There are 2 protein chains.
Amino acid sequence: MKTIPFIDTSLEKTFQVYEAKFKALADQKRLHIMYLLCQHGSTCVCDLAEMVGMPQSKLSYHLKILLDVNLITKATKGTWSYYELNQDEVNHVLSSELCCLFRPSC
Amino acid sequence: MKTIPFIDTSLEKTFQVYEAKFKALADQKRLHIMYLLCQHGSTCVCDLAEMVGMPQSKLSYHLKILLDVNLITKATKGTWSYYELNQDEVNHVLSSELCCLFRPSC
DNA sequence: ACTTAATATCAAATTTAATTGATATATAAT
DNA sequence: ATTATATATCAATTAAATTTGATATTAAGT
């Protein structure tokens, strides 16, 4: 019989959530992708692949990682998938100083 | 003969720096360590090891990762090493909302 | 219907990071 | 000097993330 450590459990959940988000951010290629999405707005995979010079399957892999933690969003039109930076989520996680990296205006 | 892509190079460096910082943040155990350092202020390794329930060598490994990217600082006194959260660096990287996780007052 | 184009997914190979237990180093206490 | 304590580092293992090339899926154009 043990007591339920409520606060610790909820902290643990919080740490889990942020671990996933930071993992997604912890990669140069993905930071570059986010930067490009920020600069160009909604962009389809094939255009993005050209911009980053990355094979399509590899790019899809990295986009999925960013999508799964809600740092980017996806909209499908026909066979095209358009990805976009989730500015709200970026603002929620990063300092305004850092967010600046992911703002078209800066 | 090729032109030097100055802007891209400096962007690449920026991404490298943040990759390393986010990598350090991308781990539940390390987030927990940072949280404890925030709550308790300057703490020596043996006390911290007890708090996180982690073998000493493992803890030292994780502390080094945080230290290397300047998210924590270290001060040695005799055989003891005292680690402390680098509040400035945390503020520089994370949103104020998130920083709150690493503020004693919140 | 058939072909082409865009994207996602998969399995295998590779690379990178984390864990473990042992050992080294350095200070402090006796 | 010897012993005990705190911490860091190392080599070996294990685990996780990334890359690659191939294939599947789905919509569009002819």
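Below, all heavy atoms of this structure are taken into account, side chains as well, without hydrogens, waters or symmetry copies. Since this is a predicted model, take the numbers as computed values, not measurements. Just so it is clear: chains get the letters A, B, ... in the order the sequence lines come, proteins before strands, and each one is counted from 1.
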Given [N], is OP1 or OP2 found less than 4.0 Å from the side-chain N or O atoms of [X]?
{"X": "B:Ser57", "N": "D:dC10", "result": "no"}
{"X": "B:Lys23", "N": "C:dA17", "result": "yes"}
{"X": "B:Lys74", "N": "D:dT7", "result": "no"}

Protein-nucleotide distance ([X], atom [atom1]; [N], atom [atom2]), rounded to Å:
{"X": "B:Met54", "N": "D:dA8", "atom1": "CE", "atom2": "C1'", "result": "16 Å"}
{"X": "A:Gln28", "N": "C:dT16", "atom1": "CD", "atom2": "P", "result": "12 Å"}
{"X": "B:Leu59", "N": "C:dA18", "atom1": "CG", "atom2": "C1'", "result": "14 Å"}
{"X": "A:Asp27", "N": "C:dA17", "atom1": "CG", "atom2": "P", "result": "10 Å"}
{"X": "A:Arg30", "N": "D:dT18", "atom1": "CZ", "atom2": "C1'", "result": "9 Å"}
{"X": "A:Lys58", "N": "D:dT19", "atom1": "NZ", "atom2": "P", "result": "4 Å"}

Any side-chain heavy atom of [X] sitting closer than 4.5 Å to one from [Y]?
{"X": "A:His32", "Y": "A:Val52", "result": "yes"}
{"X": "B:Leu94", "Y": "A:Phe22", "result": "yes"}
{"X": "A:Leu37", "Y": "A:Phe102", "result": "no"}
{"X": "A:Leu48", "Y": "A:Met51", "result": "yes"}

Review point. If Ile, Leu, Val, Met, Phe, Trp and Tyr residues are connected whenever their side-chain heavy atoms lie under 4.5 Å apart, and connections chain through other members, are A:Leu67 and A:Trp80 in the same group?
Key: no
Cluster question for you: counting only ILVMFWY and a side-chain heavy-atom cut-off of under 4.5 Å, with indirect links fine, are A:Leu36 and A:Tyr82 together? no
Within residues 60-72 of chain A, those residues having any heavy atom closer than 4.0 Å to DNA chain D are A:Tyr61, A:His62, A:Ile65
Sorted by chain and residue number, the side-chain contact (heavy atoms from CB on, under 4.5 Å) partners of B:Ile65 (sequence neighbours excluded) come out as B:Ala24, B:Arg30, B:Tyr61
Between A:Lys29 and A:Gln56, whichever has its closest DNA chain D nucleotide further toward 5' is A:Lys29
Q) With a non-hydrogen cut-off below 4.0 angstrom, is B:Tyr83 in contact with a base, only sugar-phosphate, or nothing? A) sugar-phosphate
Between the CG atom in A:Asp68 and the NZ atom in A:Lys23, the distance rounded to the nearest 0.5 Å is 13.0 Å
Expected rows: protein N/O vs nucleotides 25-30 of chain D N/O, under 3.5 Å:
none

Exactly one candidate in A:Lys58, A:Lys64, A:Gln56 meets side chain to side chain contact (heavy atoms under 4.5 Å, CB included) with A:Ser60; the answer is A:Gln56
